Amino acid sequence: GAGAGAGGSGGVGPIGSCVGTREQSGRAGLWDIAGPLCFSGDLVARGLVFDVEPQQGDALAVLDTGAYTLSMWSRYNSRLSPAVHAYSVAADGCVTWTQARKRETVEDVLR
């Protein structure tokens, strides 16, 4: 289902409670996950199995993306760097997301 809080903007701090809160509907199947850019490096994964059809606005956490994720960030197509989130899982399975770094804005780049 949909994740809570993985794409939010605003201040740094907890931004969510539980994952999988959207009513599950649509078809299960294999899905390719890609970003908004038109080159092969923007393909995150091929053939992921989901038990529900992903919908616009759903959040997808890409865990453990590596040490160079932000230090090698490209300005290709004038892309701004994304927000960075950390998470913790409670004993009941609820996930709390904390925004560790805000999404970059145009004003940030022009400073």
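Side-chain atoms are counted along with the backbone in the values below, which use heavy atoms only and exclude waters and symmetry mates. Bear in mind that the values here come from a model prediction, so they are computed numbers and not experimental data.
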Heavy-atom closest contact (Q99 atom, A83 atom, distance):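 Residues Q99 and A83, closest heavy atoms: NE2-CB, 3.4 Å.
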Between S81 and R101, which heavy-atom pair has the shortest distance, and what is it?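 S81 and R101 have their closest heavy atoms at OG-NH2, 3.7 Å.
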Set of residues satisfying side chain to side chain contact (heavy atoms under 4.5 Å, CB included) with respect to V49, sequence neighbours excluded: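 V49 satisfies side chain to side chain contact (heavy atoms under 4.5 Å, CB included) with L30 only.
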With sequence neighbours excluded, tell me which residues meet side chain to side chain contact (heavy atoms under 4.5 Å, CB included) with L80.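 Expected list: R75, E104, V106, V109.
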Are I33 and L43 linked, directly or through intermediate hydrophobic residues, by side-chain heavy-atom contacts shorter than 4.5 Å (ILVMFWY only)?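 No, because L43 and I33 fall into different hydrophobic clusters, even though each may have its own neighbours under 4.5 Å.
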Apply side-chain hydrogen bond (donor to acceptor under 3.5 Å, both in side chains) to R46 and list each qualifying residue two or more places apart in sequence or on a separate chain.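 For R46, no residue satisfies side-chain hydrogen bond (donor to acceptor under 3.5 Å, both in side chains) once neighbours in sequence are set aside.
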How are the rings of Y87 and W97 set relative to one another: parallel (under 30°), tilted (30 to 60°) or perpendicular (over 60°)?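 The arrangement is tilted - the two ring planes meet at 30° to 60°.
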